[in-house]
Amino acid sequence: KSINLSNLLSRIVEETSVIAKRKNVTVVLDVPEKLEVKGDERLFYFIFKNLIDNAIKYNHEGGKVEIKYSTLPKEQVISVCDTGPGIPKSHLPFIFERFYRVDKSRSRKLGGTGLGLSIVKLAVEKLNGKVDVESEVGKGTCFKVYLPYT
Ligand code: ATP
Ligand code: MG
């Protein structure tokens, strides 16, 4: 089934606007208006809801989140980048594992289970894609979702 990912992302940004406003985090959605993808809408929803939720939740007060689209020869890329604290290199290999959380005390305060990213990874794989992370402590984090062309 073909779905408009641009509309879906707008909906998620709308749904997360209350928590973003509370933290004074600006969310910028910069993707083409007619971005059609194929697959189960619930998987796409779960993936981007979780990534955007994390990008706001772990961000600094007054921070920024940018959702962007780009193309590669063999795949398309949707990135969710934030200006949060970043993730130390030593933790990066583990963040897609179940129940893994970088800062136990901070994470406990923020709630959540540590399952989000592990299910994001499974959902992306179900769509024949890949998910990757780039992060710099003190600068921020980018999650990139690679999806095949349909
Ligand atoms: P849940 O998503 O189940 O509510 P969670 O957010 O703690 O809980 P994950 O989404 O799997 O779990 O994230 C795992 C850990 O990775 C988080 O606890 C956090 O420490 C770190 N993390 C995830 N996204 C970011 C981000 N954008 N910036 C900084 N750290 C992050
Ligand atoms: Mg999460």
Side-chain angles (χ1 to χ4, degrees), residues 3-32 35 37 39-72 75-148:
I3 58 160
N4 185 319
L5 193 56
S6 172
N7 288 348
L8 183 68
L9 290 169
S10 300
R11 204 172 93 216
I12 296 170
V13 170
E14 184 68 37
E15 284 174 6
T16 51
S17 65
V18 176
I19 47 165
K21 216 166 263 164
R22 211 182 289 147
K23 283 194 79 164
N24 195 24
V25 168
T26 312
V27 181
V28 178
L29 179 58
D30 183 15
V31 301
L35 183 52
V37 290
D40 188 336
E41 181 167 359
R42 291 167 300 180
L43 294 177
F44 287 106
Y45 179 84
F46 187 91
I47 292 162
F48 292 105
K49 176 88 174 192
N50 273 273
L51 293 181
I52 294 168
D53 185 67
N54 281 347
I56 297 169
K57 185 161 84 167
Y58 298 110
N59 217 318
H60 299 300
E61 177 84 32
K64 192 173 174 185
V65 175
E66 270 186 293
I67 305 148
K68 287 191 170 174
Y69 175 80
S70 59
T71 57
L72 290 171
E75 55 211 331
Q76 40 195 343
V77 191
I78 295 115
S79 58
V80 178
C81 298
D82 66 62
T83 57
I87 302 167
K89 282 231 163 11
S90 59
H91 290 280
L92 279 181
F94 309 110
I95 58 164
F96 293 104
E97 289 181 4
R98 280 180 296 165
F99 304 117
Y100 194 83
R101 314 190 75 186
V102 173
D103 178 342
K104 306 280 183 275
S105 61
R106 181 185 66 190
S107 299
R108 241 197 307 275
K109 207 162 57 198
L110 289 171
T113 58
L115 278 173
L117 286 177
S118 65
I119 305 172
V120 163
K121 186 161 186 274
L122 293 176
V124 174
E125 284 167 357
K126 218 163 173 158
L127 294 163
N128 299 314
K130 282 179 304 180
V131 59
D132 205 357
V133 60
E134 288 163 17
S135 190
E136 204 175 318
V137 171
K139 275 193 87 176
T141 304
C142 275
F143 282 89
K144 293 187 173 176
V145 177
Y146 298 83
L147 296 169

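Just follow the structure's listing: the first ligand is 1, and inside any ligand the first atom is 1.
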Polar atom proximity, Leu117 to ligand 1 (N or O, under 3.5 Å)
yes
Thr113 versus ligand 1: do any nitrogen or oxygen atoms come within less than 3.5 Å of each other?
yes
Numbered atoms and elements of ligand 1 in range of Tyr100, under 4.0 angstrom, heavy atoms
14 (C), 15 (C)
Thr141: numbered ligand 1 atoms lying under 4.0 Å from its heavy atoms:
28 (N)
Tell me, yes or no, whether the heavy-atom count around Glu14 atom CD, taken from other residues, nucleotides or ligands under 6.0 Å, exceeds 12.
no
Between Val102 and ligand 1, find which residue part has any heavy-atom pair under 4.0 Å and reply side chain, backbone, both or neither.
both
In this structure, which one of Val131, Ile95, Val133 forms a side chain to side chain contact (heavy atoms under 4.5 Å, CB included) with Leu117?
Ile95
Checking only N/O/S atoms, does Asn50 have one that is under 2.8 Å from the Mg ion (ligand 2)?
no
Which one holds for Asp82 and ligand 1: side chain close, backbone close, both close, or neither close, with close meaning a heavy atom under 4.0 Å?
side chain
Do other residues, nucleotides or ligands put more than 12 heavy atoms under 6.0 Å from the NZ atom of Lys64?
no
Between Asn50 and Ile119, is any pair of side-chain heavy atoms under 4.5 Å apart?
no
Look only at interatomic distance and state if Phe143 has a nitrogen or oxygen under 3.5 Å from any nitrogen or oxygen of ligand 1.
no
How are the rings of His91 and Tyr100 set to each other: parallel, tilted or perpendicular (split at 30° and 60°)?
tilted
Do the side chains of Leu72 and Tyr146 get nearer than 4.5 Å, heavy atoms only?
yes
Can you find a pair of side-chain heavy atoms, one from Leu35 and one from Tyr69, that are under 4.5 Å apart?
yes
Quick one: does His91 get within less than 4.0 Å of ligand 1, heavy atoms only?
no
For ligand 1, is there an N or O atom under 3.5 Å from any N or O atom of Ile95?
no
Please check whether Gly116 reaches ligand 1 - meaning an N/O of the residue sits under 3.5 Å from an N/O of the ligand, judged on distance alone.
yes
NZ/Lys23: more than 12 non-hydrogen atoms of other groups inside 6.0 Å:
yes
Can you check whether Gly114 has an N/O within less than 3.5 Å of an N/O in ligand 1?
yes
Under 3.5 Å between some N or O of ligand 1 and some N or O of Tyr58?
yes
Side-chain contact test, heavy atoms from C-beta onward, threshold under 4.5 Å: evaluate it for Phe44 versus Ile78 and give yes or no.
no
